Protein chains: 4
Amino acid sequence: MRPAAARIPQEDKRECILAAALELFAERGFHGTPVPLIAERAKVGAGTLYRYFASKEAIVNELYRQKKRELAAALLDGLPLGAPTRQLFHELWLRLGRFAAEHASVLAFLELHHHDDYLDEESRRLEREALMPLQLFVEDAQQKQILKAVQAEVLMALVWGAFVGVMRASKMGLVPLEAAMAAAEACMWEAIRR
Amino acid sequence: MRPAAARIPQEDKRECILAAALELFAERGFHGTPVPLIAERAKVGAGTLYRYFASKEAIVNELYRQKKRELAAALLDGLPLGAPTRQLFHELWLRLGRFAAEHASVLAFLELHHHDDYLDEESRRLEREALMPLQLFVEDAQQKQILKAVQAEVLMALVWGAFVGVMRASKMGLVPLEAAMAAAEACMWEAIRR
Amino acid sequence: MRPAAARIPQEDKRECILAAALELFAERGFHGTPVPLIAERAKVGAGTLYRYFASKEAIVNELYRQKKRELAAALLDGLPLGAPTRQLFHELWLRLGRFAAEHASVLAFLELHHHDDYLDEESRRLEREALMPLQLFVEDAQQKQILKAVQAEVLMALVWGAFVGVMRASKMGLVPLEAAMAAAEACMWEAIRR
Amino acid sequence: MRPAAARIPQEDKRECILAAALELFAERGFHGTPVPLIAERAKVGAGTLYRYFASKEAIVNELYRQKKRELAAALLDGLPLGAPTRQLFHELWLRLGRFAAEHASVLAFLELHHHDDYLDEESRRLEREALMPLQLFVEDAQQKQILKAVQAEVLMALVWGAFVGVMRASKMGLVPLEAAMAAAEACMWEAIRR
DNA sequence: CATGAATGAGTTTTCATTCAT
DNA sequence: TATGAATGAAAACTCATTCAT
């Protein structure tokens with residue numbers, strides 16, 4: 001007699017659709033992905049998709065928000081904010097690397113879908129605000145004269161950009177991920193430290 | 001004796017088409033850009049486009065190669081290879097910044113979009129090889145113990161990624177381009193120098 | 001001894017479905033009404049509908065026949081056929097008006113929409129025959145030289161058409177129903193009387 | 001050497017589409033008519049339709065306005081307003097009959113598409129106003145005590161409804177058109193005259 | 001050469017109907 | 001018996017490409 005776990009019906013299917021869409025959007029972009037292809041990959045009828053989402057746009061937006069939040073959580077949850085800046089940076093870079101390794105297409109998706117026309121207001125807001133806490137941490141460290149006195153947004157853009165650059169290089173097979181990430185961390189610490 | 005000024009229209013039209021396509025691809029992506037829209041922006045009949053290019057894909061590929069080559073040329077042509085590494089880096093960063101400023105949508109086109117399915121073999125080859133000369137310069141500087149002993153591809157990915165990151169931040173209005181670029185240069189030099 | 005109040009639900013549900021379909025078909029037409037919407041309005045699962053009717057078409061046909069019969073009954077049942085023609089006409093017009101007032105969407109359904117492709121043979125037959133008794137009454141009155149010697153079908157078409165016309169005008173808000181109906185009766189009596 | 005009449009290109013196709021849509025909408029209603037069917041009947045590719053109209057709705061609306069105006073013109077243009085009322089009525093009834101005979105599906109279309117949700121504001125305005133001039137003529141005749149002192153809208157609704165009723169009866173094969181129309185005219189004159 | 005009207009294959013979306021529970 | 005999630009066939013609409021002029 002098992003009571004509850006027997007079914008996982010609706011939410012399961014919803015997740016399947018989102019997962020399929022994520023992969024496809026990451027690989028081929030939003031406009032390059034036909035809805036029936038998402039349905040097929042999700043092992044679901046084409047019409048079923050519209051029981052869970054109002055439109056294709058609703059899917060990207062849901063996906064964008066959900067993944068942006070997951071990324072923010074992966075980076076920020078339980079972050080030892082009291083720790084020395086260098087150690088915090090290490091921890092962040094590590095988390096970034098782990099997240100990228102475990103959710104490869106999430107990063108591809110998030111990078112690929114910057115401020116596109118099909119993102120709605122709420123998604124755009126999240127885009128701007130999700131990683132805001134990091135900025136406070138940066139500014140704090142700057143006040144302590146540990147990080148360079150450069151506009152916080154610039155430092156963050158540098159680090160994020162560099163990270164994405166390395167990720168992409170490794171994906172192109174130019175570079176082994178693990179080693180590259182470790183080396184890159186050291187480099188980027190030099191980039192931002194005072 | 002052929003009436004020189006009367007003609008030239010062919011090459012002219014071809015350029016118009018490419019220019020229009022570049023802007024649109026940069027703004028909306030390949031799949032998000034209808035051919036008739038390219039034609040309209042190029043002030044050319046929709047059919048005319050097919051007198052110059054075999055297909056929409058032929059346009060992206062032509063564009064990709066041409067712009068990739070222009071970028072390589074802008075970075076490499078007449079580069080004072082004998083100069084000190086720091087100075088070379090400065091020059092490269094400067095050229096990068098100038099290129100980005102003058103050809104904003106070229107960078108957007110080349111980097112802010114994924115060129116997956118529709119790029120052909122030749123374009124893919126260029127993607128890998130166009131900036132190869134820079135790698136030699138990096139490796140040379142590493143041997144002279146001026147740059148960090150990190151896989152050259154990683155250093156290049158870091159710098160390129162960071163540059164793109166700053167560009168994007170400035171495009172989002174978070175950061176003033178000029179100042180950001182200067183600060184970023186200093187940071188990234190620290191990132192790669194020994 | 002069966003618990004009477006507990007049951008009845010079948011017929012009840014069937015009626016709910018028909019009632020919902022009637023309203024919707026009257027408002028939006030057959031092709032403009034999605035089956036799930038009928039189910040929703042009937043407060044019934046979408047599948048349930050198919051336990052009572054073989055198809056959407058089966059619903060319209062059932063509805064059409066039922067309502068046509070109800071209309072015929074409302075007009076004809078207990079009609080004092082022996083009364084003077086003028087009085088009979090008055091009674092008929094009155095009944096027509098009452099029926100329209102009490103079953104507004106029935107009239108809309110029966111008359112203000114075309115029922116072409118989806119009506120079956122039986123429904124078509126009823127369409128022609130339901131009001132046949134009236135024709136006999138008309139022809140009888142013509143023989144008595146009370147009504148004009150015009151093909152009975154024409155007289156009936158005139159009266160019915162005029163009635164529908166006034167109904168529609170009142171529905172558009174151009175005209176107050178009560179007064180209009182009274183005036184119209186007088187007019188149409190002049191139209192048909194000898 | 002024929003100069004101009006050689007082509008009738010664009011407008012011709014646009015008219016074909018409208019003509020095809022008119023017939024189909026009259027036969028099967030708006031929602032019952034698939035766009036590809038319109039295209040086929042118009043001997044035009046399905047996509048072509050969208051070069052001339054923004055949507056299926058745009059077609060009905062264009063059609064509705066155009067036909068409503070044609071009907072108004074057929075009834076009103078050159079109407080001898082100075083003539084005696086009886087004669088005017090005769091003329092109007094004649095014109096109505098001629099219009100119905102020559103443009104059978106126009107009447108069916110106009111009758112079928114009353115105040116439906118896909119008609120836009122402009123179409124609705126025309127619906128109310130196109131035949132307004134007739135109302136003035138009616139009210140004038142009432143002042144001269146030639147027509148009954150019944151709200152003008154009611155009289156018009158009666159006549160129009162009766163006309164439509166006869167038309168429909170004749171279309172169902174119950175009644176020969178010519179004779180019926182003549183008889184009906186006499187009847188309806190009695191209906192409205194004082 | 002240049003065009004843009006024409007098109008049908010392909011896209012997103014809806015909906016009548018089924019079926020597992 | 002009742003349900004409503006699931007579906008694929010079909011609807012409205014778009015767009016890369018062609019071709020007559």
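Predicted, not measured: the structure shown is a model, and the values here were computed from it. Just so we're on the same page: letters track the sequence lines, and every chain starts at 1.
Nucleotide F/dT21: paired with E/dA2 (Watson-Crick or G-U wobble, both distances less than 3.5 Å).
Rounded to whole angstrom, the span from the OH atom of B/Y118 across to the P atom of F/dA16 amounts to 13 Å. Look at CD1 on D/I59: it is 14 Å from C1' on F/dA11, rounded to the nearest Å. Spacing between atom CD1 of D/I38 and atom P of F/dC13 amounts to 10 Å, rounded to whole angstrom units. As rounded to whole Å, 13 Å separates atom P of E/dC15 from atom CG of C/L24. Put simply, CG on A/L49 is 14 Å from C1' on F/dG8, counting in whole angstrom units. Counting to the nearest Å, the P atom of E/dA16 and the CD atom of C/E40 are 13 Å from each other. The distance between atom CD of C/E57 and atom C1' of E/dC15, rounded to the nearest whole Å, is 15 Å. For the pair C/L37 CG and F/dG4 C1', the computed distance is 15 Å after rounding to whole Å.
Shown are D/L119, D/I59, D/L22; of these, the side-chain contact (heavy atoms from CB on, under 4.5 Å) with D/Y64 is made only by D/L119.
Heavy-atom distances to DNA chain E give each of B/G47 and A/S55 a nearest nucleotide, and the one nearer the 5′ end belongs to B/G47. Residue-to-nucleotide proximity on DNA chain F shows that, of D/H31 and C/T48, the 5′-proximal contact is made by C/T48. Nucleotides of DNA chain F nearest to D/Y50 and B/K56 differ in position, and the one nearer the 5' end is that of D/Y50.
Taking only side-chain nitrogens and oxygens, B/R51 never comes nearer than 4.0 Å to OP1 or OP2 of E/dC1. Contact annotation: D/Y52 does not reach the phosphate of E/dA5 (side-chain N/O to OP1 or OP2, under 4.0 Å). Note on D/K13: a side-chain N or O is less than 4.0 Å away from OP1 or OP2 of E/dA6.
Side-chain atoms of A/V35 lie closest to E/dT13 of the nucleotides E/dT13, F/dA5, F/dT3. Comparing E/dT3, F/dT7, E/dT12 by their closest approach to the side chain of A/P34 singles out E/dT12.
Within a 6.0 Å sphere centred on CD of A/Q66, heavy atoms belonging to other residues, nucleotides or ligands number more than 12.
Nucleic acid contact class of A/P36 (heavy atoms, under 4.0 Å, all strands): base.
Of the possible polar contacts, none joining the C/K43 side chain to the C/K13 backbone as a donor-acceptor pair under 3.5 Å is found. A/R124 places a side-chain N or O within donor-acceptor distance of the main-chain N or O of A/D116, the cut-off being under 3.5 Å.
In this structure, A/H31 has its ring center under 6.0 Å from that of A/Y118.
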